[in-house]
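Here's the structure we're looking at; comments come further down.
What's counted below: heavy atoms across the whole structure, side chains too, no hydrogens, waters or symmetry copies. Since the structure is predicted, the reported quantities are computational estimates derived from the model, not experimental observations. Labels below follow one simple rule: chain letters A, B, ... track the order of the sequence lines, proteins then strands, and each chain is numbered from 1.
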2 protein chains.
Amino acid sequence: MYTMSSEPPPTPRAAGRLSRSGVLEAAVALADREGLESLSMRRLASELGVVPMALYKHVADKDDLVAGMIDQIVADYRAPQPGLDWRAAVRGRIMAARDALHEHPWLRSALERATQRTPAVLGHMDAVAGELRRGGLSYDLVHHAMHALGHRIWGFSPEAFSDGAGSTTAPDAEPAPVDPAQLAAMAERYPHVVAIALDTAQRAPGGACDTEAEFAFTLDLLLDAVSSLHAAGWRSR
Amino acid sequence: MYTMSSEPPPTPRAAGRLSRSGVLEAAVALADREGLESLSMRRLASELGVVPMALYKHVADKDDLVAGMIDQIVADYRAPQPGLDWRAAVRGRIMAARDALHEHPWLRSALERATQRTPAVLGHMDAVAGELRRGGLSYDLVHHAMHALGHRIWGFSPEAFSDGAGSTTAPDAEPAPVDPAQLAAMAERYPHVVAIALDTAQRAPGGACDTEAEFAFTLDLLLDAVSSLHAAGWRSR
DNA sequence: ACCTGAACACCGTTCAAGT
DNA sequence: ACCTGAACACCGTTCAAGT
């Protein structure tokens, strides 16, 4: 028996070394296979043939693990073809997000639970805002449109982020004394996100996004739209 | 010290007997005070001065506890004044849901995690559908409007329910061989919800709600609306 | 009918130690 | 630098028993 070593090792990746991306990949695979409820640090560790605490060298804690998983997937959202007009491009990006949600059924819950916006998440927001901007919309309207599209941008509700979909302040919820160097770095990577924030700050001296007003804006937009369809004798198909 | 019994008992409700509503009330109070993460069966039990297993006489399990908490609160959504037109009435109901979300910050997560639609939740849906119907909209359009309003109806995304906001099949996800008596009971309590389901079933012989089409409907509705605002030179305030 | 006690099979994470 | 072992302070829930 002992000499019949033809059977492969029972899955734990033979190689000795863990890495952050290896851990994230295994976590995504586990969640895809068995759902987010089954993803525990202990379970993931045993899957990797390693003691639970070994993971903590590559991941700060469980929240960081889940943030990493989200980031990996959002970074892979496919971009629309270059030639498209702004509407088609926005539509394409939103559909790409929705596709990811279908591929990874745990993603919605993960996004809903997430407390920080990772770079890829900010990048996706920035890309959508950029397409709208390309359509000639003012940053003010882009901001409102981001709120209205809301969960469509993710395929789910982004209000999980404490300050709303179109809000663009840094991950920290506080007004936050802005470090100019940090702001410059943000503006470099997420120009539209920052532009919206500046536009909002300029418009309302408080600077904060008025989430109540945004909610009402979208609600009335939808009620108007539905009303018009009704008046026009809309029917499906 | 011992005789100085002027201090009140250290909170555990003095009275001997637990009840379902007492348990739910304490759970809501605990979640209001310390958040949903702090709500555990063990913690709640100790708050009530009782052993954890005592709760299981009044609540099937933790999911049932949370469903009960939701149901209690949704049942208390205030109804709009009777005189209002349909738009104002819909608006009022949606704002009432949003108010509850502000009052109970844990409610959004609870709703997102919930797997079953409780009577009060169905009642709220039915009431919103009823207001739209009162506006003269076809059930087909009411159905689409419910999807479009989506998370606005709750103040959050209802896609947590596996089959979408406007979907109206019974809590079980399966096509489910319909028990006529059960359907009649449903139709009695939730006439509009049932009417939408029948309308949908009639329109698409499969009977199931096409969530992809509903998603696209809302997305295009919003893109159209934003587009029009832009063309009309919209600005905020 | 309602509550208890002890137990089972789990969690995330800290801390001190090994190599 | 990276992984381990043992421990801490928790979970939800079953099962058999008490009153």
Selection from dC11(D), dT4(C), dT13(C) that lies nearest to any side-chain heavy atom of Pro52(A): dT13(C)

Roughly, in whole Å, what's the span from CE in Met53(A) to C1' in dT14(C)? 7 Å

Nearest-nucleotide pick for Lys62(A), side chain only, options being dC15(C), dT13(D), dG12(C): dG12(C)

Using atom CE of Met41(B) as one end and atom P of dC11(D) as the other, report the distance to the nearest whole Å. 12 Å

Using OP1 and OP2 only, check whether a side-chain N or O of His58(B) sits under 4.0 Å from dC3(C). yes

Could you check how far CZ of Arg43(A) sits from C1' of dC11(C), rounded to whole Å? 14 Å

Report the distance from atom CG of Leu39(B) to atom C1' of dC11(D), rounded to the nearest whole Å. 12 Å

Measuring from the side chain of Val51(B) (C-beta onward, heavy atoms only), which nucleotide among dG12(C), dT4(C), dT13(C) has the closest atom? dT4(C)

Could you state the CZ-P distance from Arg42(A) to dT14(C), rounded to the nearest angstrom? 13 Å

Under 3.5 Å donor-acceptor, Asp32(A) side chain and His104(A) backbone: no

If you only use heavy atoms from C-beta on, which nucleotide in dC11(C), dC11(D), dT14(D) is closest to the side chain of Ser40(B)? dC11(D)

Could you check how far CZ of Arg20(B) sits from P of dA1(C), rounded to whole Å? 19 Å

Spacing of the P atoms in dA9(C) and dA9(D) (rounded, Å): 23 Å

Leu18(A) CG to dC3(D) P: how many Å, rounded? 5 Å

Do side-chain atoms of Asp126(A) reach the backbone of His192(A) as a donor and acceptor pair under 3.5 angstrom? yes

Base partner of dT14(D), which must satisfy Watson-Crick or wobble distances under 3.5 Å: dA6(C)

For Pro52(B), does its backbone N or O pair with a side-chain atom of Arg42(B) as donor and acceptor, under 3.5 Å? no

Using whole Å, what does the distance between atom P of nucleotide dC3(C) and atom CG of Leu55(B) come to? 9 Å

Heavy atoms from C-beta onward define the side chain here; which of dC11(D), dG5(D), dC2(C) lies closest to that of Arg17(B)? dC2(C)

Establish, yes or no, whether the cationic atom of Arg93(A) lies under 6.0 Å from the six-membered ring centre of Tyr77(A) and within 45° of the ring axis. no

Tyr56(A) has a side chain; which of dG5(D), dG5(C), dG12(C) sits nearest to it? dG12(C)

Without swapping roles, check the side chain of Arg20(B) against the backbone of His58(B) for a donor-acceptor pair under 3.5 Å. yes

So what does Lys57(A) hit on the nucleic acid, given a heavy-atom distance under 4.0 Å: a base, only sugar-phosphate, or nothing? base

Checking base pairs now: Watson-Crick or wobble, both atom distances under 3.5 Å. What partners dT19(C)? dA1(D)

